*Asks:* 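Quick one: the structure is below, and I'll ask about it shortly.
Note that the structure is a prediction, hence the values are computed from the model and not measured.
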Amino acid sequence: MLKLLFKFKDSILREIETEKTEVTIGRIASNDIPIDNVAVSAHHARILRDGRHYVVEDLNSTNGTFVNERKITRRVLKANDVITIGKHSLVMIPKKGGVKVRNLIMTDIERTWKLDTEQHRKMLKKQGKK
């Protein structure tokens, strides 16, 4: 079972628990985890169950997907890994914690804005990218 803590900066927005084998993340409301933020692509990333592990994949997003502040295209997730998408984060919760999803109403925004924040630049700089 996938368990995530959905956060904005230091604020916890909700806890997510799901049995789905694929969870989509993006700006539009049809995603399993919609993030209403113009720095998030319409279809930004997804988390897949791969055997006994979960894997996060970036879906060619404009601003990238980060795990523990490193830009990724695909990565196996471990407990307490932090996935950063725009200014939001998803923290992998060890299997012992978590509660059911509480749905939020999200709006559908047409386009993705290029993220240019100090934190985003620092994460990219760590990898030698501008």
Side-chain angles (χ1 to χ4, degrees):
M1 176 172 298
L2 178 63
K3 296 181 182 186
L4 300 164
L5 195 60
F6 183 48
K7 298 174 67 178
F8 179 75
K9 297 185 181 183
D10 292 328
S11 299
I12 297 170
L13 301 178
R14 66 182 180 194
E15 292 183 13
I16 299 167
E17 180 179 314
T18 183
E19 293 280 351
K20 293 179 87 172
T21 58
E22 180 176 338
V23 175
T24 59
I25 306 163
R27 188 181 63 249
I28 63 174
S30 61
N31 285 286
D32 298 305
I33 303 173
I35 302 176
D36 185 13
N37 186 286
V38 293
V40 177
S41 295
H43 300 283
H44 197 101
R46 67 182 175 173
I47 300 173
L48 307 163
R49 186 168 36 216
D50 184 11
R52 294 182 356 187
H53 303 283
Y54 284 95
V55 175
V56 62
E57 293 181 341
D58 182 77
L59 299 176
N60 296 314
S61 65
T62 300
N63 293 303
T65 301
F66 295 79
V67 175
N68 302 330
E69 298 189 355
R70 295 196 51 87
K71 190 171 184 179
I72 60 96
T73 53
R74 180 180 168 92
R75 177 159 170 179
V76 174
L77 294 168
K78 298 175 285 207
N80 301 312
D81 275 350
V82 179
I83 303 165
T84 303
I85 295 178
K87 295 182 178 183
H88 290 76
S89 61
L90 296 156
V91 181
M92 287 288 294
I93 298 173
K95 292 183 180 183
K96 296 176 184 175
V99 296
K100 296 288 181 189
V101 174
R102 284 174 265 155
N103 292 325
L104 300 177
I105 297 172
M106 301 292 178
T107 60
D108 186 359
I109 300 171
E110 293 289 321
R111 62 188 190 100
T112 304
W113 291 13
K114 178 73 174 161
L115 187 62
D116 187 26
T117 64
E118 184 177 344
Q119 179 185 4
H120 191 253
R121 288 190 301 267
K122 282 180 183 177
M123 288 189 294
L124 289 173
K125 188 176 181 180
K126 282 184 182 180
Q127 295 186 279
K129 298 179 183 179
K130 292 184 179 184

*Asks:* If every non-hydrogen atom of E22 is compared with every non-hydrogen atom of D32, which pair is closest and at what distance?
*Replies:* O-OD2, 3.6 Å
*Asks:* For a side-chain hydrogen bond (donor to acceptor under 3.5 Å, both in side chains) with Y54, tell me which candidate from K78, R49, K3 qualifies.
*Replies:* R49
*Asks:* Rounded to the nearest 0.5 Å, how far does CG of N63 lie from OG1 of T84?
*Replies:* 12.0 Å
*Asks:* Ring-plane angle category for F8 and H88, please: parallel below 30°, perpendicular beyond 60°, tilted otherwise.
*Replies:* tilted
*Asks:* Could you pull out the closest heavy-atom pair between P34 and A29, with the gap in Å?
*Replies:* CB-CA, 4.1 Å
*Asks:* From S41 OG over to N60 CG, what is the distance, rounded to the nearest 0.5 angstrom?
*Replies:* 9.0 Å
*Asks:* What I want to find out is whether D81 reaches R70 closely enough, with some N-O distance under 4.0 Å, to be called a salt bridge.
*Replies:* no
*Asks:* From T24 OG1 over to N31 CG, what is the distance, rounded to the nearest 0.5 angstrom?
*Replies:* 4.0 Å
*Asks:* Roughly how far, to the nearest 0.5 Å, is CD1 of I25 from CD1 of I35?
*Replies:* 6.0 Å
*Asks:* Hey, is the main chain of L2 close enough, under 3.5 Å, to the side chain of T18 for a donor-acceptor pair?
*Replies:* no
*Asks:* Which heavy-atom pair separates R75 from N68 by the least distance, and what is that distance?
*Replies:* NH2-ND2, 3.7 Å
*Asks:* Would you sort out whether I93 and L4 count as a side chain to side chain contact (heavy atoms under 4.5 Å, CB included), showing the intermediate values?
*Replies:* CA-CA 5 Å; I93 298 173; L4 300 164; 5.6 Å; no
*Asks:* Closest approach of H43 and S30, non-hydrogen atoms and distance?
*Replies:* CE1-OG, 4.5 Å
*Asks:* Closest approach of G64 and H44, non-hydrogen atoms and distance?
*Replies:* O-NE2, 2.9 Å
*Asks:* What's the separation between atom CD1 in I16 and atom CG in L5, rounded to the nearest 0.5 Å?
*Replies:* 8.5 Å
*Asks:* Measure the spacing between CD of Q127 and NZ of K71 and express it to the nearest 0.5 Å.
*Replies:* 8.0 Å
*Asks:* Please report the shortest heavy-atom distance between N37 and R27, naming the atom on each side.
*Replies:* O-CD, 3.5 Å
